[in-house]
There are 2 protein chains.
Amino acid sequence: MKQLNERMGLAKTEMFTDEQNKISLFAKVFGHPARVAILQYLFKLDSCICGDLVNEIGLAQPTISQHLKELKQLGLIKGNVEGTSVCYCINKDNWSNMKDIMIEFLDQDISNTDCC
Amino acid sequence: MKQLNERMGLAKTEMFTDEQNKISLFAKVFGHPARVAILQYLFKLDSCICGDLVNEIGLAQPTISQHLKELKQLGLIKGNVEGTSVCYCINKDNWSNMKDIMIEFLDQDISNTDCC
DNA sequence: TTGTTTCATTGCAATATTACGATATAAAAA
DNA sequence: TTTTTATATCGTAATATTGCAATGAAACAA
């Protein structure tokens, strides 16, 4: 049966606030363990990743490259070409901005909620 | 062409730590603006949602019901049957637990990172 | 020049997610 | 009892995501 809006599988972003869409976009990029692992590895190193990510995480090189691309598109990491390799690191300003938005959402006061 | 692992489209959770999988599961549930909107509405009300969610958010009743189910399955909300309607509210303990895990991930110290 | 190394992109298969009409269920109201 | 109200579930269509082999591109090495 033909559906009306032909947008199934696609979030109806136009009916939500910019903030709600922004939160969900950030959350979505953290919604895969490989991307969480990449970021945690970056934090652990305290510097750039230059190559060894494919060995560190057990996924194929194109798959890692794709996850890096998504993190980069959201601005959470940046990559610098160094010869044949590329060094990725956290984009501090954008990470900080994302953190503020996400923590504001997560850290709401629920002490007064009176529930059934 | 037949693939080897027959798991494409499915995250390979077994190769990640429990923490990484847990973070990504929480993040995934926030990865849709409708679920963010539901939670924000719950916070704003400071009490239960009994019904008016379908009017509040512009999605069909089965769609809202499905989003509520996902939030409930992760334990972030709980529902109490009250006559013909169901009242949903934040599950304080589980929300607090999730918050700690997510904020620990987001709030890592990046002041010392030395990048290219 | 001809490899070699490193990473990105393309193409595609498999699975997941989203949305909603139709229908089921269960309690309240008439 | 019958009807109404509120929510859940089923089935299914459309789109998104994930993963990787094959290939491309760009810098380096020999």
Side-chain angles (χ1 to χ4, degrees), chain A residues 1-16 21 24-25 27-38 48-74 77-88, chain B residues 1-16 21 24-25 27-38 48-74 77-88:
Chain A
M1 184 189 300
K2 186 80 169 185
Q3 299 294 313
L4 291 175
N5 72 2
E6 313 198 9
R7 285 171 65 87
M8 287 133 305
L10 179 56
K12 293 180 155 184
T13 56
E14 71 279 355
M15 56 172 50
F16 301 104
N21 285 316
S24 66
L25 281 178
K28 194 184 267 183
V29 89
F30 300 137
H32 193 289
R35 294 189 288 265
V36 172
I38 288 170
C48 308
I49 305 175
C50 297
D52 47 8
L53 213 40
V54 175
N55 300 320
E56 190 68 20
I57 302 173
L59 290 170
Q61 180 268 323
T63 309
I64 297 290
S65 188
Q66 188 177 309
H67 285 307
L68 287 168
K69 189 180 179 182
E70 286 172 65
L71 290 167
K72 197 175 169 187
Q73 276 174 341
L74 260 189
I77 64 174
K78 53 186 173 184
N80 281 59
V81 177
E82 307 236 331
T84 54
S85 68
V86 179
C87 291
Y88 284 101
Chain B
M1 184 191 301
K2 186 79 169 185
Q3 300 293 315
L4 290 175
N5 73 359
E6 312 198 8
R7 286 170 64 87
M8 289 135 303
L10 179 55
K12 294 180 152 184
T13 55
E14 70 279 356
M15 56 172 49
F16 301 103
N21 285 316
S24 66
L25 282 178
K28 194 183 267 184
V29 88
F30 299 138
H32 194 290
R35 292 189 291 264
V36 172
I38 288 170
C48 307
I49 304 175
C50 296
D52 46 8
L53 212 40
V54 175
N55 300 320
E56 189 68 19
I57 302 174
L59 290 170
Q61 179 268 324
T63 309
I64 297 289
S65 187
Q66 190 176 307
H67 285 306
L68 287 168
K69 190 181 180 183
E70 287 171 64
L71 289 166
K72 197 174 168 187
Q73 276 174 340
L74 261 188
I77 65 173
K78 55 186 173 182
N80 281 59
V81 178
E82 306 236 331
T84 54
S85 66
V86 179
C87 291
Y88 284 101

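Numbers restart at 1 for each chain; the letters A, B, ... are given by sequence-line order, proteins then strands.
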Peer 1: Search all heavy atoms of A/A27 against all heavy atoms of B/G31 and return the closest pair with its distance.
Peer 2: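 Minimum heavy-atom separation between A/A27 and B/G31: CB-N, 3.8 Å.
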Peer 1: In B/S/- notation, 5' to 3', how is nucleotides 24-30 of chain C contacted by protein heavy atoms closer than 4.0 Å?
Peer 2: ---BS--
Peer 1: When you check the phosphate oxygens OP1 and OP2 of D/dA6, does a side-chain N or O of B/Y88 lie under 4.0 Å from one of them?
Peer 2: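 For B/Y88, the contact criterion (side-chain N or O under 4.0 Å from OP1 or OP2 of D/dA6) is not met.
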Peer 1: For B/I57 and C/dT18, what is the distance between atoms CD1 and C1' respectively, to the nearest whole Å?
Peer 2: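 It works out to 14 Å between those atoms.
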Peer 1: Sequence neighbours left out, what pairs pass side chain to side chain donor-acceptor pair (under 3.5 Å) with at least one residue falling in residues 27-38 of chain B?
Peer 2: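 Residue pairs with at least one partner in residues 27-38 of chain B: B/R35-B/H67, B/R35-B/E70.
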Peer 1: Show the nearest heavy-atom pair for residues A/I38 and A/L71, with the distance to one decimal.
Peer 2: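 Nearest heavy atoms, A/I38 then A/L71: CG2-CD1, 3.9 Å.
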Peer 1: Please confirm whether the shortest side-chain N or O distance from B/K28 to OP1 or OP2 of D/dT17 is below 4.0 Å.
Peer 2: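 Negative; the distance criterion is not met.
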Peer 1: Can you check the B/N55 CG to D/dT5 P distance for me, whole Å?
Peer 2: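 That distance rounds to 14 Å.
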Peer 1: Quick one: A/D52 CG to C/dT5 P, roughly how many Å, whole number?
Peer 2: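 After rounding, the gap between these two atoms is 17 Å.
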Peer 1: Kindly state which residues belonging to residues 29-36 of chain B come within less than 4.0 angstrom of DNA chain D, counting heavy atoms of the residue only, listed by number.
Peer 2: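 Those residues: none at all.
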Peer 1: How far apart are the closest heavy atoms of A/S24 and A/N21, and which atoms are they?
Peer 2: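 That closest heavy-atom pairing would be OG-O, 2.9 Å.
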Peer 1: Less than 3.5 Å apart, which donor and acceptor atoms pair up between the side chains of residues 53-66 of chain B and the rest of the protein, not counting sequence neighbours?
Peer 2:
none

Peer 1: For A/K69, check side-chain contact (heavy atoms from CB on, under 4.5 Å) against everything at least two apart and list the hits.
Peer 2: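 side-chain contact (heavy atoms from CB on, under 4.5 Å) list for A/K69, sorted by chain: A/Q73.
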Peer 1: In whole Å, I'd like the distance from the CG atom of B/N21 to the C1' atom of D/dT18.
Peer 2: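 Taking CG of B/N21 and C1' of D/dT18, I get 15 Å after rounding.
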Peer 1: So, taking the atom named CD1 in B/I49 and the one named OG in B/S85, what distance separates them when rounded to the nearest 0.5 Å?
Peer 2: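 Spacing of CD1 (B/I49) from OG (B/S85) equals 12.0 Å.
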Peer 1: What is the distance, to the nearest angstrom, from the CD1 atom on B/I49 to the P atom on D/dA6?
Peer 2: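 For the pair B/I49 CD1 and D/dA6 P, the rounded distance is 15 Å.
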Peer 1: What are the two closest heavy atoms between B/C87 and B/E82, and how far apart are they?
Peer 2: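 Where B/C87 meets B/E82 most closely, the heavy atoms are SG-CG, 3.6 Å.
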Peer 1: So, do A/L68 and A/Y88 sit near enough that their side-chain heavy atoms are less than 4.5 Å apart?
Peer 2: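 Touching, per the 4.5 Å side-chain cut-off.
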Peer 1: Can you list, by residue number, the residues of residues 61-74 of chain B that have a non-hydrogen atom closer than 4.0 angstrom to DNA chain C?
Peer 2: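 B/P62, B/T63, B/Q66, B/H67, B/E70, in order of number.
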